[in-house]
Peer 1: 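This structure is in structure tokens; I'll ask about it shortly.
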Number of protein chains: 2
Amino acid sequence: MDRVFHALADATRRDIVRRVLDGEHSISDLARHYPMSMTAVQKHVGVLEGAGLVVKRRQGREQRVVGRVEALRRAEALLAEYERLWRERFDRMGDVLMTEMEGNGR
Amino acid sequence: MDRVFHALADATRRDIVRRVLDGEHSISDLARHYPMSMTAVQKHVGVLEGAGLVVKRRQGREQRVVGRVEALRRAEALLAEYERLWRERFDRMGDVLMTEMEGNGR
DNA sequence: CTTAAATACAACCAAATGGTTGTAGATCAG
DNA sequence: CTGATCTACAACCATTTGGTTGTATTTAAG
């Protein structure tokens with residue numbers, strides 16, 4: 001999970017994710033969109049791959065980068081879990097308020 | 001957004017988020033749960049604060065750390081957007097398959 | 001008043017990050 | 001075959017990160 005969030009904590013990498021979820025691209029293809037060397041883009045793809053957000057499939061001379069949505073879903077599920085905690089907290093606070101009101105009413 | 005994902009890319013910080021979304025805690029209170037100095041925890045809280053995931057409210061001698069769910073929601077919305085792209089891609093691939101089948105059928 | 005607790009902050013350190021250049025191996029095109 | 005293209009990888013560098021210790025300030029407690 002560390003790796004998933006770390007991978008997403010960079011605008012270039014998020015843009016790569018966006019592109020490869022929309023369709024496959026080669027690494028040099030991706031590199032053309034960013035103001036940095038191909039090696040740098042290669043490293044970014046490596047980070048995404050380490051996080052399970054993309055996989056590479058060699059096809060002749062080039063390497064097609066394709067997005068995997070599963071890791072994204074795990075991250076999303078964790079955030080949803082945090083939101084659940086948040087909601088439950090307010091439910092409890094609501095209970096406390098109700099109890100206080102009852103107490104005052106008597 | 002960089003800062004939100006970066007903040008979540010650390011297990012200690014995610015655990016702090018979990019705790020403060022469930023209820024307020026002081027910094028030294030939080031620090032007791034981790035095998036590191038209070039200063040280290042202070043820095044983690046600082047990173048979370050910079051990402052807008054928590055705010056600090058001074059209360060006498062101690063500083064209550066309280067979670068904010070809005071930044072989480074923005075991150076979740078982005079991940080959902082990526083999933084949408086992914087789904088649309090398969091819808092398009094489905095169209096291609098349908099068209100190919102029609103062509104073969106004739 | 002004195003002491004302990006909670007926080008803040010500066011200085012320091014090792015390791016990781018994000019970039020570069022250079023070199024080399026495959027593979028496709030002419 | 002030759003040359004251009006795509007990828008891989010090593011070496012290097014500046015900055016950031018995640019931790020430490022030490023010192024200072026504020027506040028609560030005895």
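Sequence lines set the chain letters: A, B, ... in the order given, protein chains first and strands last, and positions in each chain run from 1. No hydrogens, no waters, no symmetry mates; every other heavy atom, side chains included, goes into these values. Please read all numbers here as calculations on a predicted model, not as lab measurements.
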Peer 1: Name every residue in residues 35-45 of chain A that has at least one heavy atom under 4.0 Å from any atom of DNA chain D, in order of residue number, or write none if there are no such residues.
Peer 2: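 Residues of residues 35-45 of chain A that come under 4.0 Å of DNA chain D are, in numerical order, A:M38, A:T39, A:Q42, A:K43.
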Peer 1: Can we say A:R19 and A:D22 salt-bridge, meaning some charged N sits less than 4.0 Å from an Asp/Glu carboxylate O?
Peer 2: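 Salt bridge: no.
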Peer 1: Where do A:I16 and A:H44 land on the side-chain contact (heavy atoms from CB on, under 4.5 Å) test, with the steps shown first?
Peer 2: CA-CA 9 Å; A:I16 292 176; A:H44 281 307; 4.0 Å; yes
Peer 1: Is the B:Y82 to B:W86 ring centre distance short of 6.0 Å?
Peer 2: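 Between B:W86 and B:Y82, which both carry aromatic rings, the centre distance is not below 6.0 Å.
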Peer 1: Tell me whether B:F90 shares a hydrophobic cluster with A:V65, the cluster being built from Ile, Leu, Val, Met, Phe, Trp, Tyr side chains joined at under 4.5 Å.
Peer 2: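 Hydrophobic grouping puts B:F90 with A:V65.
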Peer 1: Does B:R84 come within less than 4.0 Å of B:E88, counting only side-chain N to carboxylate O?
Peer 2: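 Yes, B:R84 and B:E88 are salt-bridged.
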Peer 1: How long is the gap from CD on A:E83 to CG on A:L78, to the nearest 0.5 Å?
Peer 2: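 Those atoms lie 11.0 Å apart.
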Peer 1: Within less than 4.0 Å of OP1 or OP2 of D:dG18, is there a side-chain N or O belonging to B:H6?
Peer 2: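 Yes, within the criterion.
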Peer 1: Quick check on the hydrophobic clustering: are B:I27 and B:V47 connected, directly or via other members, by side-chain heavy-atom contacts under 4.5 Å?
Peer 2: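 Shared cluster, no.
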Peer 1: Does a side-chain N or O of A:R3 approach OP1 or OP2 of C:dA16 to a distance below 4.0 Å, or not?
Peer 2: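 No, no such contact exists.
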Peer 1: To the nearest Å, how far apart are A:F5 CZ and D:dT17 P?
Peer 2: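 Nearest whole value for this atom pair: 18 Å.
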Peer 1: Taking 4.0 Å as the cut-off, does a side-chain nitrogen or oxygen of A:R58 come that near to OP1 or OP2 on D:dC6?
Peer 2: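 No, A:R58 has no side-chain N/O under 4.0 Å of OP1/OP2 on D:dC6.
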Peer 1: Taking 4.0 Å as the cut-off, does a side-chain nitrogen or oxygen of B:K56 come that near to OP1 or OP2 on C:dT7?
Peer 2: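 For C:dT7, neither OP1 nor OP2 has a side-chain N or O of B:K56 closer than 4.0 Å.
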Peer 1: What integer distance in Å separates B:D29:CG from C:dT7:C1'?
Peer 2: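 The distance from CG of B:D29 to C1' of C:dT7 comes to 14 Å, rounded to the nearest Å.
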Peer 1: By nearest heavy atom, map B:E62 and A:D10 onto DNA chain C; which one lands nearer the 5' end?
Peer 2: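 Going by which nucleotide is closer to the 5' end, it is B:E62.
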Peer 1: Kindly compute the distance separating CE (A:M38) from OG (A:S26), expressed to the nearest 0.5 Å.
Peer 2: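 One gets 8.5 Å once the value is rounded to the nearest 0.5 Å.
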Peer 1: Quick one: is A:R57 getting a side-chain N or O under 4.0 Å of the D:dT7 phosphate, OP1 or OP2?
Peer 2: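 Checking A:R57 against D:dT7: no side-chain N or O falls below 4.0 Å of OP1 or OP2.
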Peer 1: Taking only N and O in the side chain of A:R13, is any of them less than 4.0 Å away from OP1 or OP2 of C:dG18?
Peer 2: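 It does, given that an N or O in the side chain of A:R13 lies less than 4.0 Å from OP1 or OP2 of C:dG18.
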Peer 1: Specify the residue among A:Q59 and A:T12 whose closest nucleotide of DNA chain C lies further upstream toward the 5′ end.
Peer 2: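 By nearest-heavy-atom nucleotide position, the 5'-most residue is A:T12.
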Peer 1: C:dA8, OP1 or OP2 - any side-chain N/O from B:Q63 closer than 4.0 Å?
Peer 2: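 For B:Q63, the contact criterion (side-chain N or O under 4.0 Å from OP1 or OP2 of C:dA8) is met.
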Peer 1: Does this structure show an ion pair linking A:E62 with A:R64, if we count only N-O contacts that are shorter than 4.0 Å?
Peer 2: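 Between A:R64 and A:E62 there is a salt bridge, with a charged N closer than 4.0 Å to a carboxylate O.
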Peer 1: Specify the angle, to 10°, made by the local axes at the two ends of the helix from C:dC1-D:dG30 to C:dG30-D:dC1 when five pairs are taken at each end.
Peer 2: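 Rounded to the nearest 10 degrees, the bend comes out at 20°.
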